[in-house]
Structures are given as C-alpha cells and as structure tokens.
Amino acid sequence: MENSSLGGKINPSLLSLKHLSYLDLSRNDFQGIPIPTFFGQLKSLRYLNISRASFGGEIPAHLGNLSNLNYLDLSEESYYSLLELPSNNLKWLSNLSSLKYLSLEGVDLSNTGVSLVIAFNKFPSLLELHLPECHIKSLPFSLGNVNFTSLLFLDMSYNDLKFPLPEWFFYLTSLRKLDLSGNFLGGPVPSEFQSLKSLEALDLSFNDLSGQIPKIFGNFCNLKTLNLANNQFEGGIQELLGGLSSCPNSELESLDLSSNKLKSQLPASVGMLHNLKYLNLYNNDMSGSIPKSLGQLSELVHLDLSLNSWEGFLTEAHFTNLTRLKYFSLGKVLPRPTLPIPLIFNVPYEWVPPFKLHKINIGNCKVGPAFGAWLQSQTELVFVKLSTTGISDSIPEDWFMKLSSQVEYLDLYSNQIRGKLPLQLKFPNALLLDLSHNQFDGPIPLWSGDNVVRFKLETNSLSGTIPLNFDQKFPKLETFYLAENHLHGIIPPSICNMKHLYILSLRNNKLSGEFPQAWSLLPQVTIVDVAYNNLSGNLPSSMGDSGSLFMLKMNNNNFEGEIPFSLQTCTALRNIDLGNNRFTGEIPPWIGSTAFLVSTLRLRSNFLSGHIPQQLCNLGYLHILDLAHNRFSGTIPKCLNNLTGLRIFNNSFYNIYLEYDQQTTVMRGRELQLNTSLSYVKNIDLSSNRFEGEIPQEICSLVLLRNLNLSMNQFSGNIPSKIGNLSQLDTLDLSLNHLSGQIPQSLSSLTFLSNLNFSYNNLSGEIPLGNQLQALPDSSIYEGNPFLCGFPLSTKCSEDGNSTPKDPKDNDNEDGNEKFWFYVSTALGFIVGFWGVFGTLIVKKSWRYAYFRWFDYIKDKATLCVRRLVCQE
C-alpha cells in the first residue's frame, strides 16, 4: 500500500490477519490522525513502515508489544512531522530488542535525544539507526557498557551536534556508514576518528570543520565514499590522495571536497584511484595545471573542477580513458560575469573524445575559437553551458537538431558564435534557452517549447520582426530577452497573451508603433524594458491593471501624453525610467504615496511641468533622481533630507538589481549604460528647468550623494555653507544660475571631487584653497563670476579677500591702440567678405539661384520652428 494516497481511519479488522508480518503504509496521507494503538496487537509483525504517511500525535507505547519487530520506520519530513515522542514515554522502546533497523527521521527529539540514545543501548541487534533532522543537540556523555557495537549504519545528519563527541561514540568500530553532515561540528577533526577504520562511507559535509584534511582519512582503505564538502578545510590534498592511492586495493568511488579553501595543486596520484566514479573539487582555491593522469580514471562518471584557478592546457591525454564520463564541469561557472582563468583546451579540431556527455558546464576559460569535433560529437547532452569560452565559430545546424529533442538547459551565453540559427526546431523538454551575447544574425528562429520558461537572444545581430505567434510557441515563457538586436516592426499584441511572463526586455532595437494595449492579461509581469526604440503614442492605462510592475523602462522613445494614473496600483514599483520622450503634465502624486519603494526615478528630457511634489520625500529607497531638461518650476522641497537611500547605505535595498541590472544615467555630462554596481550610483539631476529660490541646506544631509547637478535654473542666494558634508561628491554643477555670495570654505574638504562647475553666477570673494580644488586648474569652471578671485583665475585677491580690479588709467594707451586696429580689421574684413560672396553671385548665375533657394529653405524652417514653439507654450 506504499505511495497509494490512502487516508482516513484505519480499520481494526487488520487484527484478523493473525500472521501478518509485513505492513507498509508509507507515503500516504492520513492527515495527522494518531497511529492506531491496535498496531501493538499485531504481534507477528517483523516489518512496520509508516514513514511519510502524515500520522500525528504521540507515538503509542503499545508499539513496545511488537517484540518480534526487526524493522521500524516512523520518519517524516522534518518541517511537516506531527509525531511526538515524550521523554517520559520511552520504556516501551526497551522491549524492541530484536530491532535491526530504526528510523525516526524528522521527529523532534530536542527534549528526548539524550535519554533516547540511552534506550538504544539496549538494542544489541541494531544494525541501522537513522536520526536525521531530529533537532538533537547533544549525546549522553557516558553509556557505561556500549551494547550496540554491532551498528553498521548511523545517520545523525542535520542536527545541532557540536564537538567534542563522547568517548563511547568512537567505540562503534563496526560502523560502515557514518553521516554527521549538516551539524555544527567546528575546528579540526578529532584524532579519535582513526578508530573508525572500517568505514566505507563518511559524510562530514556542511559543517564548520577547519585546518588540514586529516592524514588518518588516507588510511581508511575501505572507504568508498568520502564527503567533506562545504567546510573550511585548507592546505593541500597530497597526503589524503597519496594515502588512499597507496591502499593495496583502493575502493574509493566518490570523493567530494567541494566548497572548501583548498589551495594546492591536484596531485598526479589522483590517477591511481582506479575505482573513482565521482570527483568534485568545485569552489576551492586550487591552482596549477591539471595532471594528465586524470585521464586514467576509466570508471569516472562525474568530474567537477569548476570555480578553481587552474592554468595551462587540456589535451587529449587528459581524457584518454574517460569512456564513462557523463558530467564535466570546469572554469568559473557563476551566473554573473567574472574574470576568465588561464586554462586553454588544446585539442585538434578533428579529435573525437571517448565519452558521450549528458551534462557539460564550462565557463570563463578558453575552449574556442573553433567549435571542434569534440563538441559536435556530444549529441546526447541534456544540460549545456558553454558561457564565455571564446568560441567564434559557427555551429552546425544538425548539432542543434540532434540536441533539441532531449536538451533541458542550453546556455551559450557571451561567446562570439556567428551564423544563422536553424529556423524551426522543437524543444519539448527544454526549460532554458540562452544564446545571448553572440553574433547570430538573420531572423528570430521560429522555435517552440511547451516547457521553456526563459528565452534569451539579446545582444546579437538578429533582424526582421518579432513573430506574431510567439505566445503559442512558448506558452509557459516567463522571461523574454530580445534586447540589443536590429529588430523592426511592431511589438506583437500577442505578447499580452503570455500569462506567465514576468520579464520583457526589448530595449535598443528599431521597434516602432504603439505599445500593446491589453496589459491586463499579464498578471505577473514585473519588468518591462522597451527603451531605445521608436515607439510612440500614449502609454496604455491598462499597464497598471496587474499591479505587479517592478521596473518600467521606456526611455528614449517617442511616447507622449501624461503618465498613466492607473500605475498607482503598482505598489511594488522600484525603477521608473521614462526619460527622453514627449510626456506632458506633472509628476503624478502616486509616486511616493502608493508607490513608495521607488529607488530610481528618471523623467529627464520630456515636457513635464509643475512643482516637485512633497510625496517624493517619502521615497526612502531613492538613490537616482533625474528630472533634468523639463519645465519644472518652484523650489526644491526641504524635506529631501528624508531620502534615506542617499544618507544611509544598506545593501539589502538593492537586491532588486541582481536579476536585471541595466540602467541609463547621466554622469559628468555623458549618458552611460550601467550594467553592474548600480547600487553605488547616487545622483540628483535637476538641471535645465525653471527652479528658483535658494538651494536648501537640507540637501547637505544627503551624505552619500555622488553627483549633484542643479545647473541652468534660476536658483538664487548663497551656496549652502555645509556643502562640504557631501563627502562622496564626485560631480557638482551649479552653473548658469543666480547664486551669490562666497564659495563656502567647506568645499575644500571634498576629497573625491573631480568635476566642478560654478560658472555664470554672481559669486564673489576668494576661491577656497584645498588639495582637491587645486587639482581642478581649469579657470572656465568659475568664469562669468566677475567678482571671484584667486587660483585658478588670473584675478588676484586683495587683502580683504575681494577681487582687485585693474586701474583703467594704466591701460589707456593699450586700449586705444586695440580699438584702432579692431576698427581697421573689421572694415577690411567686411570689404573682403562682402565682395567675396556677393561679387561671385553677381558674376555666376547658377550660384545666385542656388543661394536664394537655400535662403528660402532656411526661412521656411525657421518659421516652422517658431510655430511649434508657440503651440507648445
């Protein structure tokens, strides 16, 4: 009755089966009902398995009547177990003296662990004891005489055990399998482990063990499985492998040392472990060349050498006898960009390896430039990851065709693979297709996959239009990346039929037309990026219907109208970029009220007007505010000091950028595309508007600000005296305003300042001196302020700190001569220029006609521009 989905009450009629010796009710759902007490009357039972059957309540003491029981399994999933074993109800266990197998996996033994182990000591026949995920914190210090020394298998994984373990623990010298993974064992491995030489499987993974891997493990010649993964071991593995390989008949089949801090080279003795099937050295600091002796492991099935710093070459010799190899992983295989390792595949183009892989995972090391025969021959692949491997070849169409029927994961990210993709393929088992950041050209392939959730073709040279029936080809698609290609035409309305879609990235193409209207059909869409296209029209009011929008990037298009009020339902909005469009109206009040999690607000280069609403001060996560090149007016709200994201750095604010890290921003007067470290960009740009009044002192509390641009407005009054508090400031532009007074001395304390512009204001007095200011010798950053003096201006300062004007009498003669020669040169220039142009027009008839046609054209253009400006006003 195992795994039969049975439930309800169990009928006591089972008692009529007087000779019942085997009862298995495992993997059913009895919805928390108690284990029937009448089970204790089935005295012929030798096998009772009610694991994962969702029983609840106390484990009945009546089970103690089953004196003939050899096998008892009461295990449950740890977080779902409803069974209890009270500490005052353990006497019944002592009656089960015939037990050979006992599993209480997932049962909470936090209060009974010590007394329970004492009870187990009365089981002289016990061979297997399974106590994983039982919340056991400690073991009894003493047991007197240890009676269960016949124990062969002990599993106490994922409890709360710590060193030291009691002395009696190491008397279990008959143990063949010991699993202590997932505990809190820390420090060096105790030398007492040397008494457990009969071990065939030892698992100490997911602890906090440190120091060298003990030499004693190299003496365990019976070991078939050794798992020390996810600890803090350091140093080398020469002694371990040397010891294991020197065993007369090494039995080792599985060795997992992944995710430690091992730093040595891989010794050539690894080739002596002739029975090795599984080798995992993932995520260490190992370096040097990979020994050719690795190619002698003829039984090897799984080989993971990734996330190490190998160097040198891999040749045919490294794979000579790996006829059984199915899994191969190498290089830096992290999902995010990283530096490549100096490891190169140096095999002939024609070489065909002796293996047929099921999974290949290679990243950030040099496999290309060719897509050689050794890759073309791998036609049984289910998992393919060849990212940033330097392949610049074309891939044969039949390779895609052979893989398409079975592949589940296909990732060729960030190579230079060229050529056209097969036009039509079906991927019935695929979940991910990532061919992004290559040089594929031609049309978008008409592939299909009923289970594909991620399809990435961004940053290629694909052209043509987006297929109209993409929703039918990929009905479960969740993320769709076509950014940075050469696509034209419209965004198909059928996109709105992809009800599972949550990322749509079409940025930087040549798409045109209006944005699809039926966004209410996309209940889960979170990121929409259609920036840098030629889209036009109004944004659909239905965009807010789903309420799930997280990032909205529609900058650098030709959208117009007002920002939809319906977006107020998108309370999770973090990033709004509508810059470089033709939007009108005011900043909607929902930004900062219902949508108060916004971290980036970029509305630059539109026709927006009105004041900065007070609600913006509620945006505690905001770190990029760009309202430049609009028609905003009024004053800067003093409440800007409430922008916590510009005052306190909290990295948890910016986890939103991990999945989709792409942002346009203007820094130092240049538009930049940022792909990484976006959380460190702290900008306020209000330039080219009609703001007035004083710059509020409160802005000086935004101490994380790196770029502040208030230029080309109508600000007046003094520069805030505490401007020096903005210690991270890199760019400060206050030019083309009506600021007056002196430049605050605190400015000299800004040690990161590299771009400064105070030009064309009414500033006066001496320019402050400071190390960083003296590194800005360009006098143009202060021009247009006639009453400023000091370095880098040529105007000297008087003793009172004001500029010292020259005496006009000192330069009378000089000015007179300059004026005379100015008038002479002007007259000569006019005569030469006039007759040079008009003389030619009089003599040459064809030039005269061409000139007046050009003049009429310029007149018409000027008239049209004036009319447009009048209409916009």
Side-chain angles (χ1 to χ4, degrees), residues 531 553-556 563 574-581 583 586-587 591-592 598-613 616-617 619 621-637 639-641 643 645-647 662-674 677-696 698-715 719-720 723 726 728-737 739 750 752-761 781:
K553 296 171 177 287
M554 313 190 81
N555 52 291
N556 294 78
I563 301 172
R574 298 291 186 96
N575 192 313
I576 304 173
D577 191 345
L578 304 178
N580 296 86
N581 281 288
F583 290 111
E586 300 183 351
I587 298 176
I591 302 179
V598 175
S599 61
T600 296
L601 179 59
R602 189 173 180 274
L603 304 176
R604 72 178 292 121
S605 299
N606 280 286
F607 300 109
L608 298 169
S609 57
H611 296 182
I612 296 178
L616 287 193
C617 298
L619 299 176
Y621 295 96
L622 191 70
H623 64 101
I624 298 177
L625 175 61
D626 190 346
L627 307 179
H629 295 275
N630 278 285
R631 297 174 179 176
F632 293 116
S633 57
T635 60
I636 297 178
C639 60
L640 283 185
N641 60 346
L643 301 179
L646 292 172
R647 292 192 295 111
Q662 180 75 251
Q663 180 59 49
T664 303
T665 189
V666 174
M667 299 172 65
R668 303 180 185 179
R670 292 180 297 172
E671 190 172 90
L672 302 176
Q673 300 294 325
L674 300 178
S677 303
L678 189 57
S679 60
Y680 294 95
V681 179
K682 315 286 184 180
N683 287 1
I684 291 182
D685 191 343
L686 306 180
S687 61
S688 297
N689 279 287
R690 300 169 184 174
F691 291 115
E692 57 189 11
E694 295 188 353
I695 300 173
E698 287 76 7
I699 208 167
C700 300
S701 65
L702 307 179
V703 294
L704 297 181
L705 203 59
R706 297 191 177 212
N707 298 278
L708 177 60
N709 190 347
L710 305 179
S711 64
M712 290 181 279
N713 280 287
Q714 299 171 26
F715 291 114
I719 297 174
I723 194 75
L726 303 179
Q728 303 297 312
L729 213 56
D730 172 78
T731 299
L732 176 61
D733 192 345
L734 304 180
S735 62
L736 292 159
N737 280 288
L739 299 171
L750 299 180
F752 295 104
L753 194 64
S754 60
N755 290 271
L756 177 67
N757 194 347
F758 285 166
S759 62
Y760 297 99
N761 282 285
I781 64 178

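Nothing here was measured: the structure is a model prediction, and the numbers come from that model. Atom set for the values below is all heavy atoms of this structure, side chains included, hydrogens, waters and symmetry mates excluded.
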Open item on the list: Less than 6.0 angstrom from the centroid, inside 45 degrees of the normal: does R706 satisfy that with respect to the ring of F752?
Closed with: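 Checked: cation-pi criterion not met.
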Tell me the closest heavy-atom pair linking [X] and [Y], and the distance in Å.
X    : Y    : answer
L705 : I684 : CD1-CG1, 3.8 Å
L710 : I695 : CD1-CD1, 3.8 Å
L646 : K682 : CD2-CB, 3.7 Å
T600 : H623 : OG1-NE2, 4.1 Å
L702 : L643 : CD2-O, 4.0 Å
N641 : S701 : CB-OG, 3.0 Å

Open item on the list: Consider side-chain hydrogen bond (donor to acceptor under 3.5 Å, both in side chains). Of D626, N707, N709, which one does N683 pass it with?
Closed with: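 By the side-chain hydrogen bond (donor to acceptor under 3.5 Å, both in side chains) criterion, N683 pairs with just one of D626, N707, N709: N707.
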Open item on the list: If the test is side-chain hydrogen bond (donor to acceptor under 3.5 Å, both in side chains), which one of R604, R602, K553 qualifies with D577?
Closed with: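 The passing option is R602.
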Quick one: does [X]'s side chain get under 4.5 Å of [Y]'s, heavy atoms only?
X    : Y    : result
L640 : E698 : no
L708 : L729 : yes
I612 : L686 : yes
L625 : L619 : no

Could you give the distance from [atom1] ([X]) to [atom2] ([Y]), rounded to the nearest 0.5 Å?
X    : Y    : atom1 : atom2 : answer
L627 : S688 : CG    : OG    : 12.0 Å
S687 : H629 : OG    : NE2   : 4.5 Å
F715 : E694 : CZ    : CD    : 11.0 Å
F691 : N630 : CZ    : CG    : 8.5 Å
R690 : R631 : CZ    : CZ    : 6.0 Å
L756 : I781 : CG    : CD1   : 4.5 Å

Task: Qualifying residue for side chain to side chain contact (heavy atoms under 4.5 Å, CB included) with F758, from N737, D733, L732 - done: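 Testing each of N737, D733, L732 against F758, the sole residue satisfying side chain to side chain contact (heavy atoms under 4.5 Å, CB included) is L732.
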- [ ] Check the pair I563, I591 against side-chain contact (heavy atoms from CB on, under 4.5 Å), reporting the backbone distance first and the verdict last.
- [x] CA-CA 11 Å; I563 301 172; I591 302 179; 5.5 Å; no
- [ ] For S599 and R574, indicate whether the former's side chain and the latter's backbone hold a donor-acceptor pair under 3.5 Å.
- [x]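 Checking the backbone N and O of R574 against the side chain of S599, a donor-acceptor pair under 3.5 Å is found.
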